[in-house]
Amino acid sequence: MRILILGSGGREHTLAWKMSQSPLCDSLFVAPGNSGTFQVATNFEIDPTNFEAVIGLVKSEAIDMVVVGPEEPLVLGIHDAIKSDKELENVAVIGPAKAAAELEGSKAFAKAFMNRHNIPTAAHDVFTADSLQKGLQFLSTLKPPYVLKADGLAAGKGVLIIDSLNEAQATLKDMLENQTFGEASRTVVIEEFLSGIELSCFVLTDGKSYKILPMAKDYKRIGEGDTGLNTGGMGAVSPVPFVDEMFYNKVESRIVRPTIAGLQKDQLPYIGVVFIGLIKVNDDPFVIEYNVRFGDPETEVVIPRIKSDLVELFASLNQGNLKDYPLEIDERTAATVMMVSGGYPGDYEKGKEIFGMKGVDGLHLFHAGAIRVNDKTLTSGGRVMAVTAFGENHKVATKKIYDQIEKINFDGKNYRKDIGFDL
Ligand code: AMP
Ligand code: GLY
């Protein structure tokens, strides 16, 4: 099989690393890829949202399967664009059709979906510039803190949690009237604040049946002890120790099953992964959000725990026989620590050479914002490299990482020293 992965982060390097091990994988391409995918595949300097260029590549390289990493091309309709090309009808696209990708593309759509299918989530209402007065009034009926969400994609920055009513009302006005988040905040979802501990649940589906992948927990804040600004994710652990059998069963019966059944009822074609962002409130799960792709850095701990052949697994999604697929999972714990550029998630410099990667032993280095230039590996983003290890529990796994992480060097490097601290 000739396979193309779209994207350029740690998630895509992890997928490429795993898929390249499959005997079913004859040739592997990544667009645009990074210095990590360069080790296991051929990179093409193509933007995944440039559909004409992507389709051109699928044709010129006679690709059989396209795996879509990030949300943007999915929300823009890459699945439909490939499938509607007469020559490419038989290409497998791992990632949902545009209509289903609205689960991530519009928070109002996702909330309506959850309400329609009785899936537990925070109470909410939706407002536009025309209903601003009602929105201001609605805020005054809620208890603080106030949760305001730009409806559309906002690169992970569209959710605001605000303590004071005055500030929340001023922010709502700004989002709707001045479109602080551009098109994304033409519509704003206001919801009840839920207090609990978050976790990520990835569900593979062929549109009919599903398999729940190992749960993971990511660490979103830049600072130790979960303090400071939000980032794309500073580390992750899988499995999640606080997920016992009872909680798992609640997630499956109250959330996963109605989600997959809801997709079918609403005729939303789905081949790929549903990433359910969950929050555990007391002993009950609620959905914080849906994403229509793998999470990053959760992928860097979830995928290494899959023992099965990932190409075969993705092919079973496309063939509609996931139900019979014997998914095998590594029982050990995987942890990952993200090395980031100094200053991230604020301003940071790029182009710093990365040294010392060959000196580490028994770890997986998944490159994220890192590129290959001549014979050097240079930083090219805020999140630079995910360092993953296995252990019998998260303490053993993170100790393995922290024992060696200092061997990897680049100017200004930063990482959290407490991944798993709260487990
Ligand atoms: P989202 O982009 O929807 O995942 O939201 C980003 C983050 O905001 C989540 O990971 C939560 O930490 C937080 N968040 C979103 N919605 C709520 C809510 N209703 N209650 C509490 N925290 C929330
Ligand atoms: N780690 C969260 C995300 O990928 O959205």
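In each ligand, atom 1 is the first atom listed, and ligand 1 is the first ligand listed. All values reported here derive from a predicted model rather than from experimental measurement.
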Assess, by modelled atom type and distance only, whether the side chains of D422 and Y219 contain a donor and an acceptor separated by less than 3.5 Å. yes
If you measure from each non-hydrogen atom of E192 to ligand 1, which part falls under 4.0 Å: side chain, backbone, both or neither? backbone
Judged on heavy-atom distance to atom 9 (C) of ligand 1, which of E289, E198, H124 sits nearest?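 Checking each option, the heavy atom nearest atom 9 (C) of ligand 1 is found in E198.
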In terms of atom number and element, which parts of ligand 1 are under 4.0 angstrom from non-hydrogen atoms of [X]?
| X | answer |
| --- | --- |
| K149 | 3 (O), 15 (C), 16 (N) |
| K107 | 2 (O), 3 (O) |
| F193 | 20 (N), 21 (C), 22 (N) |
| E191 | 16 (N), 17 (C), 18 (C), 19 (N) |

Do any heavy atoms of K220 fall under 4.0 Å from ligand 1?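 The answer is yes: ligand 1 sits under 4.0 Å from a heavy atom of K220.
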Are any of the heavy atoms in I161 under 4.0 Å away from ligand 1?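 Flag set, I161 near ligand 1.
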When you measure from the side chain of [X] to the backbone of [Y], do you find a donor-acceptor pair of N or O atoms at a distance under 3.5 Å?
| X | Y | result |
| --- | --- | --- |
| K413 | I408 | yes |
| Y348 | G382 | yes |
| D418 | G225 | yes |

Tell me, which protein residue and heavy-atom name are nearest atom 20 (N) of ligand 1, and how many Å apart are they?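 Result: L194 N, 2.8 Å.
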For atom 17 (C) of ligand 1, what's the nearest protein heavy atom and its distance?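 The answer is I288 CD1, 3.6 Å.
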Cation-pi check, [X] onto [Y] ring (under 6.0 Å, within 45° of axis):
| X | Y | answer |
| --- | --- | --- |
| R332 | F390 | yes |
| K280 | F247 | yes |
| K111 | F109 | no |

Review item, side-chain donor-acceptor pairs of residues 70-81, under 3.5 Å, at least two apart:
| unit_1 | atom_1 | unit_2 | atom_2 | d |
| --- | --- | --- | --- | --- |
| E71 | OE1 | R293 | NE | 3.0 |
| H79 | ND1 | G95 | O | 2.6 |
| D80 | OD1 | K98 | N | 2.8 |

Partners of T299 by side chain to side chain donor-acceptor pair (under 3.5 Å), sequence neighbours excluded?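 Checked T299 against side chain to side chain donor-acceptor pair (under 3.5 Å); zero matches.
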Ligand 2 polar-atom proximity to protein (N/O, under 3.5 Å):
| unit_1 | atom_1 | unit_2 | atom_2 | d |
| --- | --- | --- | --- | --- |
| ligand 2 | 1 (N) | D218 | OD2 | 2.8 |
| ligand 2 | 1 (N) | D296 | O | 2.9 |
| ligand 2 | 1 (N) | E298 | OE1 | 2.8 |
| ligand 2 | 1 (N) | E298 | OE2 | 3.3 |
| ligand 2 | 4 (O) | R293 | NH1 | 2.9 |
| ligand 2 | 4 (O) | D296 | N | 2.9 |
| ligand 2 | 5 (O) | R293 | NH1 | 3.3 |
| ligand 2 | 5 (O) | R293 | NH2 | 3.0 |

Candidates Y290, F294, F202 - the one meeting ring pair (Phe, Tyr, Trp, His ring centres under 6.0 Å) with F275: F202
Listed pairs under 3.5 Å, donor-acceptor, residues 125-136 side chains, sequence neighbours left out:
| unit_1 | atom_1 | unit_2 | atom_2 | d |
| --- | --- | --- | --- | --- |
| T128 | OG1 | D130 | N | 3.4 |
| S131 | OG | T128 | N | 3.0 |
| S131 | OG | T128 | O | 3.3 |

So for ligand 1, is V159 a polar contact partner (N or O within less than 3.5 Å, distance only)? no
